[in-house]
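Beneath this line is the structure, given in structure tokens, with notes to follow.
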Amino acid sequence: GHGYIEAVVGPMYSGKSEELIRRLKRAKIAKQEVIVFKPCIDNRYSKEDVVSHSGISIRAIAINHTEEIHKYITGETQVVGIDEVQFFDEGIVDVALELADKGIRVIAAGLDLDFKAEPFGPVPELLARAEFVDKLQAVCVKCGAPATRTQRLINKEPARYDDPIILVGATESYEARCRKCHRIKK
Ligand code: ADP
Ligand code: TMP
Ligand code: ZN
């Protein structure tokens, strides 16, 4: 087959995992050989599944380093899914390119922006390299507008600008918000 990279990005709760799972399940219906990866760091709902906030899931392999992907790829592999791609190092882009060059369809989902609304890890590079990009929106919990950003809350207050980038969490720490309602404490 012809390989290519599909990127699915957006803030938290925008439906990235649901969309990734939808595409992968359809590939399975088409009897294609599918493998799904996620970083070990994301163990919120499950250690071995990609799980959406709405509860749908698909079996995945949790890995610590991007290079581990290669040892699971066989001559049969047709589709590779990657969730939480923002948590991987820049090497994930090279891996995605190599797989696509080999004829594999690569679908990568992740946050385009961190809680400060700054580009997240390898995702900007991935967006530039991908053949197809979908930027999803959530619903702003403050005003109901389309949400393009993720609000981090620490004790219900907006997080500070110098907070660490990585903080695994869900509704206890994060909300979907629009540009107007998004806040960062300087
Ligand atoms: P993502 O991977 O982008 O974080 P998921 O696919 O895991 O998103 O979850 C999307 C689901 O989250 C929606 O279908 C909906 O059920 C739920 N959800 C919770 N809060 C919101 C919100 N503010 N906007 C949109 N969907 C939300
Ligand atoms: P989600 O996009 O599948 O909902 O999950 C995003 C994960 O990323 C979640 O565990 C919270 C984490 N995260 C950070 O580590 N830093 C950030 O700046 C943001 C916005 C999210
Ligand atoms: Zn808003």
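Everything quoted here is computed from the prediction, not taken from an experiment. Ligands are counted one by one from 1 in listed order, and the atoms in each one are counted from 1 as well.
- With respect to the salt-bridge test (charged N to carboxylate O, under 4.0 angstrom), the residues Lys186 and Asp162 do not qualify.
- No donor-acceptor distance shorter than 3.5 angstrom exists from the side chain of Ser173 to the backbone of Ala170, with no hydrogens or angles considered.
- The two residues Leu111 and Val123 make their nearest non-hydrogen contact at O-CG2, 3.3 Å.
- Of all the atoms in ligand 2, the ones that sit under 4.0 Å from a non-hydrogen atom of Phe120 are 16 (N), 17 (C), 18 (O).
- Glu84 and Gln86 form a side-chain donor-acceptor contact under 3.5 Å, judged by distance and modelled atom types alone.
- Heavy-atom proximity to Ser52, at under 4.0 Å, picks out these atoms of ligand 1: 5 (P), 6 (O), 7 (O).
- With ligand atoms numbered from 1 in the order given, ligand 2 contributes 16 (N), 17 (C), 18 (O) to contacts under 4.0 Å with heavy atoms of Arg152.
- With Tyr161 as the aromatic partner, Lys116 meets the cation-pi criteria of under 6.0 angstrom to the ring centre and within 45 degrees of the ring axis.
- Side-chain contact of Glu18 with Ser54: a donor-acceptor pair under 3.5 Å is present, judged by distance alone.
- In terms of N/O distances under 3.5 Å, ligand 1 is not approached by Val51.
- Given atom 8 (O) of ligand 1, the protein heavy atom at minimum distance is Gly15 N, 3.1 Å.
- Close contacts of ligand 1 with Ser54, meaning ligand atoms under 4.0 Å from a residue heavy atom, involve 16 (O).
- The Pro11 neighbourhood of ligand 1 comprises atoms 3 (O), with distances under 4.0 Å to a heavy atom of that residue.
- In this structure, Tyr13 and His53 have tilted ring planes: the angle between them lies in the 30° to 60° band.
- Ligand-side atoms of ligand 2 in range of Gln86: 6 (C), 7 (C), 8 (O), range being under 4.0 angstrom from any heavy atom.
- Ranking protein heavy atoms by distance to atom 24 (N) of ligand 1, first place goes to Val139 N, 2.9 Å.
- Under the 4.0 Å distance rule, the nearest protein heavy atom to atom 15 (C) of ligand 1 falls outside the cut-off.
- When every heavy atom of Ile82 is checked against every heavy atom of Ile69, the shortest pair comes out as CD1-CD1, 4.5 Å.
- With Thr150 contributing its side chain and Ala176 its backbone, the two residues share no donor-acceptor pair below 3.5 Å.
- Of the heavy atoms in Asp114, both backbone and side-chain atoms come closer than 4.0 Å to ligand 2.
- The single protein non-hydrogen atom nearest to atom 11 (C) of ligand 1 is Glu18 OE2, 3.6 Å, given as residue, atom name and distance.
- When distances to the Zn ion (ligand 3) are checked against a cut-off of 2.8 Å, His182 contributes no N, O or S atom below that limit.
- Of all non-hydrogen atoms in Ala96 and Leu126, the two that sit nearest each other are CB-CD1, 4.3 Å.
- Using a cut-off of 4.0 Å between Lys/Arg side-chain N and Asp/Glu carboxylate O, Glu19 and Lys16 are scored as not salt-bridged.
- The closest approach between His53 and ligand 2 falls below 4.0 Å for a heavy atom of the residue.
- Rounding to 10 degrees gives 110° for the angle at the Zn ion (ligand 3) between SG of Cys140 and SG of Cys181.
- Counting the atoms of ligand 2 from 1 in the order shown, those under 4.0 Å from a heavy atom of Phe87 are 7 (C), 8 (O), 12 (C), 15 (O).
- At the top of the distance list for atom 2 (O) of ligand 2, counting protein heavy atoms only, stands Lys16 NZ, 2.9 Å.
- What sits closest to atom 18 (O) of ligand 2 on the protein, heavy atoms only, is Phe115 N, 2.8 Å.
- Under a 4.0 Å criterion applied to the non-hydrogen atoms of Glu84, ligand 2 contributes the atoms 1 (P), 3 (O), 5 (O), 6 (C), 7 (C).
- Shown in contact with Met12 at under 4.0 Å from a heavy atom are these atoms of ligand 1, numbered in order with element: 4 (O).
- Close contacts of ligand 1 with Tyr13, meaning ligand atoms under 4.0 Å from a residue heavy atom, involve 1 (P), 3 (O), 4 (O), 8 (O), 10 (C), 19 (C), 20 (N), 21 (C), 22 (C), 24 (N), 25 (C), 26 (N), 27 (C).
- Near Leu167, the atoms of ligand 2 lying under 4.0 angstrom from a non-hydrogen atom of the residue are 11 (C), 12 (C), 13 (N), 14 (C), 15 (O).
- For ligand 1, the atoms sitting less than 4.0 Å from at least one non-hydrogen atom of Val141 are 23 (N), numbered in the order shown with element in parentheses.
- Nearest to atom 9 (O) of ligand 1 by heavy atom, out of Arg22, Glu84, Lys142, His53, is His53.
- Between Arg105 and Glu6, the shortest heavy-atom contact is NE-OE2, 2.6 Å.
- The SG atom of Cys178 and the SG atom of Cys143 subtend an angle of 110° at the Zn ion (ligand 3), given to the nearest 10 degrees.
- Shortest contact from atom 21 (C) of ligand 2 to any protein heavy atom: Leu111 CD1, 3.4 Å.
- Within a 6.0 Å radius of NE2 in His2, other residues, nucleotides and ligands contribute 12 heavy atoms or fewer.
- Listed by number with element, the atoms of ligand 2 under 4.0 angstrom from any heavy atom of Ile166 are 15 (O).
- Taking both residues in full, the closest heavy atoms of Ile184 and Phe115 are given as CG1-O, 4.2 Å, listed atom of the first, atom of the second, then distance.
- Put simply, the side chain of His182 never gets that close to the backbone of Ala117: no donor and acceptor are under 3.5 Å apart.
- Neither the backbone nor the side chain of Asp83 has a heavy atom within less than 4.0 Å of ligand 2.
- Lys38 places a side-chain N or O within 3.5 Å of a backbone atom of Asp49 that can act as its donor or acceptor partner.
- The shortest N/O to N/O separation between Gly169 and ligand 2 falls below 3.5 Å.
- Every N/O-N/O distance between Tyr13 and ligand 2 stays at or above 3.5 Å.
- Counting heavy-atom neighbours within 6.0 Å of Glu172 CD, excluding the residue itself, gives a total above 12.
- Ring centroids of Tyr72 and Phe37 are separated by less than 6.0 Å, placing the two rings close together.
- For the ligand labelled ligand 1, residue Gly10 lies outside the 4.0 Å heavy-atom shell.
- Looking at Thr150 next to ligand 2, no N or O pair under 3.5 Å apart turns up.
- The main-chain N or O of Asn64 is found under 3.5 Å from a side-chain atom of Glu68 such that the two form a donor-acceptor pair.
- Here the protein heavy atom with the shortest distance to atom 17 (C) of ligand 2 is Ile165 O, 3.5 Å.
- Closest to atom 19 (C) of ligand 2 among all protein heavy atoms lies Tyr174 CE2, 3.6 Å.
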